[in-house]
Amino acid sequence: MLKEGLEYTSTTVVAPGNCASAVGSGGLDVFATPSMVALMENAAMNAVAPFLPEGSTTVGAEINTTHIKPSALGSEIKATALLTAVEGRKLMFNVEASDGAGIIGKGTHVRFIVDTERFMAKLK
């Protein structure tokens, strides 16, 4: 059942491909902000996926986050999403990312439940 309190944690390891220097968001070999945001979105998507109607998925619509600390190559990053509100098709989450030394980012994220077929038909 889709309800407040659903939670999921996604993990990754900082590698050359998810560093700021590789994704174009900076010139340093540290975990990129876009990579952190993607991990947060992945956690939110997975928190609710098992509870969606067949043929449905969620799409990200808004994210407001801070990236407050760098993470070095080899660091394990965990992003956790907690479903805080359900308003019809609109889902709201608190998101937080951390490495072995503590919190590296946090914020809020909004996703919408969509019918996969109808959503993809908009591209034609």
Side-chain angles (χ1 to χ4, degrees):
M1 181 176 180
L2 194 58
K3 61 180 180 172
E4 294 175 9
L6 294 175
E7 184 176 81
Y8 190 88
T9 300
S10 295
T11 61
T12 193
V13 173
V14 181
N18 60 16
C19 283
S21 58
V23 302
S25 66
L28 302 175
D29 289 335
V30 295
F31 194 53
T33 301
S35 299
M36 181 188 74
V37 167
L39 195 63
M40 289 171 162
E41 284 202 71
N42 181 267
M45 177 191 71
N46 282 305
V48 298
F51 305 98
L52 297 176
E54 189 172 329
S56 295
T57 190
T58 60
V59 293
E62 179 182 331
I63 191 154
N64 180 6
T65 186
T66 59
H67 192 172
I68 56 177
K69 179 187 161 306
S71 300
L73 285 167
S75 298
E76 181 181 60
I77 308 295
K78 294 181 179 183
T80 300
L82 172 66
L83 182 62
T84 58
V86 178
E87 295 177 3
R89 296 184 316 112
K90 183 179 182 181
L91 308 175
M92 287 154 281
F93 298 85
N94 284 340
V95 291
E96 184 174 283
S98 61
D99 63 13
I103 295 172
I104 65 165
K106 56 185 172 179
T108 58
H109 179 43
V110 174
R111 298 185 75 77
F112 281 90
I113 300 169
V114 298
D115 178 274
T116 303
E117 225 175 90
R118 265 190 276 158
F119 186 84
M120 294 306 289
K122 294 177 182 180
L123 299 176
K124 296 178 182 176

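Remember, it's a predicted structure, so these values are computed and weren't measured experimentally.
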Side chain to side chain contact (heavy atoms under 4.5 Å, CB included) between Leu2 and Ile113: does it pass, once the steps are laid out?
CA-CA 11 Å; Leu2 194 58; Ile113 300 169; 3.5 Å; yes
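Atoms CD1 and NZ, from Ile68 and Lys106 in turn, are 6.0 Å apart once rounded to the nearest 0.5 Å. Rounded to the nearest 0.5 angstrom, Glu4 CD and Phe93 CZ are separated by 11.0 Å. Interatomic distance, CG of Leu91 versus CE of Met45, reported as 13.0 Å (0.5 Å rounding). In this structure, His67 NE2 and Ile104 CD1 are separated by 4.0 Å, a value rounded to the nearest 0.5 Å. A distance of 11.0 Å separates CD of Glu54 from CG of Asp115, quoted to the nearest 0.5 Å. Atom CZ of residue Arg89 and atom CG of residue Leu52 lie 12.0 Å apart, to the nearest 0.5 angstrom.
Applying the side chain to side chain contact (heavy atoms under 4.5 Å, CB included) test to Leu82 and every residue at least two apart in sequence or in another chain returns Glu7, Thr84. Residues passing the side chain to side chain contact (heavy atoms under 4.5 Å, CB included) test with Val23 are Ser25, Ala32, Pro34, Ser35, sequence neighbours excluded. A search for salt bridge (charged side-chain N to carboxylate O under 4.0 Å, His left out) contacts involving Glu96 returns nothing, not counting sequence neighbours. Applying the side chain to side chain contact (heavy atoms under 4.5 Å, CB included) criterion to Glu62, with sequence neighbours excluded, gives Val110.
Contact between Ala44 and His109 at its shortest, heavy atoms only, is CB-CD2, 3.5 Å. Shortest non-hydrogen contact noted between Cys19 and Ala15 is SG-O, 3.3 Å. Nearest approach of Tyr8 to Ala43, heavy atoms of both residues: CB-O, 3.4 Å. In terms of heavy atoms, Met36 sits closest to Ala97 at CG-CB, 3.8 Å.
Residues Val30 and Met40 fall into different hydrophobic clusters, defined by Ile, Leu, Val, Met, Phe, Trp and Tyr side chains chained together at heavy-atom separations under 4.5 Å. Both Phe31 and Val37 are members of a single hydrophobic cluster when ILVMFWY side chains are connected at heavy-atom separations under 4.5 Å. In the hydrophobic clustering of this structure, Leu83 groups with Leu39; members are Ile, Leu, Val, Met, Phe, Trp, Tyr whose side-chain heavy atoms approach within less than 4.5 Å, directly or through other members. In the hydrophobic cluster analysis, where Ile, Leu, Val, Met, Phe, Trp and Tyr join through side-chain heavy atoms closer than 4.5 angstrom, Ile63 is grouped together with Leu6.
For Asn18 (side chain) and Val13 (main-chain N/O), a donor-acceptor pair under 3.5 Å exists by modelled atom type. In this structure a side-chain-to-backbone donor-acceptor pair under 3.5 Å is missing from Thr108 to Asn94.
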Going by atom type alone, with no hydrogens or angles, which donor-acceptor pairs under 3.5 Å involve a side-chain atom of residues 70-81 and a protein atom two or more places apart or on another chain?
| from | atom 1 | to | atom 2 | distance (Å) |
| --- | --- | --- | --- | --- |
| Ser71 | OG | Asp99 | OD2 | 2.8 |
| Ser75 | OG | Ala72 | N | 3.4 |
| Ser75 | OG | Ala72 | O | 2.9 |
| Thr80 | OG1 | Thr9 | OG1 | 2.8 |

Distance-only donor-acceptor pairs under 3.5 Å for side chains of residues 116-124, two or more places apart:
| from | atom 1 | to | atom 2 | distance (Å) |
| --- | --- | --- | --- | --- |
| Thr116 | OG1 | Gly55 | O | 3.1 |

